[in-house]
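As structure tokens, the structure follows; a few thoughts come after it.
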Amino acid sequence: MSLKALIFDVDGTLANTEHDGHLRAFNETFKFFKLDWHWDRELYSDLLSVSGGKERLAHYISHYNPSLKRDLSVSDIIDIHNKKTEIFVEHVANGQVSLRVGVERLIEEAVDSGLRLGIATTTSLKNVEALMTSTLGESALNRFEVIGAGDVVKSKKPAADIYRYVLDKMSLSCHECIAFEDSGIGFTSATSAGLRTVVTLSEYTKTKNFQGALVVLNHLGDENQPFEIIKGSPTRHSFVSVGYLKELYEQDR
């Protein structure tokens with residue numbers, strides 16, 4: 001059996017979307033709806049333990065007891081989240097969210113090498129489309145065979161559902177792929193689906209051992225910006241290439 005596909009998470013993995021993207025959009029949305037709420041960096045870091053924007057809002061309301069003039073219904077939460085998505089997409093379109101180090105290079109190399117690509121994320125399809133087209137061009141989405149996003153599955157990360165969905169759509173087994181994640185809940189999701197996983201720590205990554213990861217890095221690296229190995233075996237490679245991934249894959253068999 002050989003390596004046939006790479007499956008990427010989006011937020012924090014492909015791009016540093018959280019602080020200048022999602023967090024900013026949430027706070028601007030709260031102002032739009034005249035909600036007396038503000039999520040600072042520390043609070044948002046805690047809220048990221050809940051996967052999905054609507055779910056995060058519901059968790060905040062039920063666990064942090066913010067001031068409310070009336071109870072918010074499920075429909076209200078959906079409206080707030082839809083506005084937040086609209087604002088986030090605007091920021092992405094304006095170039096305020098960028099890809100992480102090495103992402104564009106690796107995607108291009110993977111395509112040239114004949115590896116298939118997929119996306120497994122809890123963020124909405126609109127967010128994925130905006131990010132990909134803004135950073136990689138209008139044809140970027142065509143490089144990904146399957147995009148598993150948003151509410152396409154019942155249970156979001158850390159459940160394995162989204163990865164199983166993508167594997168099923170690609171007609172691949174978990175043993176033929178490598179996943180890329182940045183967070184604890186994403187890593188749990190990928191490994192629960194049986195996937196070998198590369199972890200690139202991001203701006204909001206909580207301290208975690210990531211036991212069983214192929215390797216834990218600060219980022220994917222580039223020719224003039226080498227990665228740092230946080231957890232894993234030393235290597236002659238200084239950035240994540242298809243060749244390095246195949247080596248990791250073979251070593252873990």
Carboxylate-amine/guanidinium proximity below 4.0 Å for [X] and [Y]:
X      : Y      : result
Glu250 : Lys246 : no
Glu86  : Lys83  : yes
Lys169 : Glu145 : no

For a quick test of reading the model, state the closest non-hydrogen atom pair linking Lys157 to Thr121 and the distance between them.
NZ-CA, 4.0 Å
For Ser189 against Tyr163, the heavy-atom pair lying closest together:
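Nearest heavy atoms, Ser189 then Tyr163: OG-CD1, 3.3 Å.
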Pick from Asn127, Asp182, Thr17, Asn16: which one makes a side chain to side chain contact (heavy atoms under 4.5 Å, CB included) with Asp11?
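With Asp11 as partner, side chain to side chain contact (heavy atoms under 4.5 Å, CB included) holds for just one option, Thr17.
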Tell me which donor-acceptor pairs under 3.5 Å the side chains of residues 129-141 have, and how far apart each pair is, sequence neighbours excluded?
unit_1 : atom_1 : unit_2 : atom_2 : d
Thr133 : OG1    : Glu129 : O      : 2.7
Thr133 : OG1    : Ala130 : O      : 3.3
Ser134 : OG     : Val92  : O      : 2.8
Thr135 : OG1    : Leu131 : O      : 2.6

Determine, step by step, whether Ile61 and Leu68 satisfy the side chain to side chain contact (heavy atoms under 4.5 Å, CB included) criterion, reporting the C-alpha distance in whole Å, the side-chain angles of both residues, the deciding distance to 0.1 Å, and the verdict.
CA-CA 9 Å; Ile61 292 167; Leu68 287 170; 4.1 Å; yes
Are Lys84 and Phe88 in a cation-pi setup, meaning NZ or CZ lies under 6.0 angstrom from the ring centre and within 45 degrees of the ring axis?
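Yes, Lys84 sits over the ring of Phe88.
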Under the 6.0 Å and 45° cation-pi test, does Arg56 pair with Phe26?
no
Stepwise, does the side chain to side chain contact (heavy atoms under 4.5 Å, CB included) test hold for Val101 with Thr200?
CA-CA 10 Å; Val101 175; Thr200 53; over 6 Å; no
Show the atom names and distances, to 0.1 Å, of all donor-acceptor pairs under 3.5 Å that link a side chain in residues 210-230 to residues at least two apart or in another chain.
unit_1 : atom_1 : unit_2 : atom_2 : d
Gln211 : OE1    : Asn209 : ND2    : 3.0
Asn218 : OD1    : Glu228 : N      : 2.6
His219 : ND1    : Gly221 : N      : 3.0
Asp222 : OD1    : Arg105 : NE     : 2.6
Asp222 : OD2    : Gly102 : N      : 3.4

Do Phe180 and Asp9 come within less than 4.5 Å of each other through their side chains, counting heavy atoms only?
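Phe180 does not reach Asp9 side chain to side chain.
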Test side chain to side chain contact (heavy atoms under 4.5 Å, CB included) on Glu18 and Ser202; report intermediate values, then the result.
CA-CA 9 Å; Glu18 297 297 0; Ser202 66; over 6 Å; no
Test log, rule side-chain hydrogen bond (donor to acceptor under 3.5 Å, both in side chains), inputs Ser51 and Thr122:
CA-CA 7 Å; Ser51 187; Thr122 59; 3.3 Å; yes
Donor-acceptor contacts, no H, no angles, side chain residues 148-155, under 3.5 Å, sequence neighbours left out:
unit_1 : atom_1 : unit_2 : atom_2 : d
Asp151 : OD1    : Lys156 : NZ     : 3.0
Asp151 : OD2    : Lys54  : NZ     : 2.9

Start with the C-alpha gap between Tyr204 and Leu23, add the side-chain angles, then the distance that decides, and say whether side chain to side chain contact (heavy atoms under 4.5 Å, CB included) holds.
CA-CA 11 Å; Tyr204 280 98; Leu23 177 56; 3.5 Å; yes
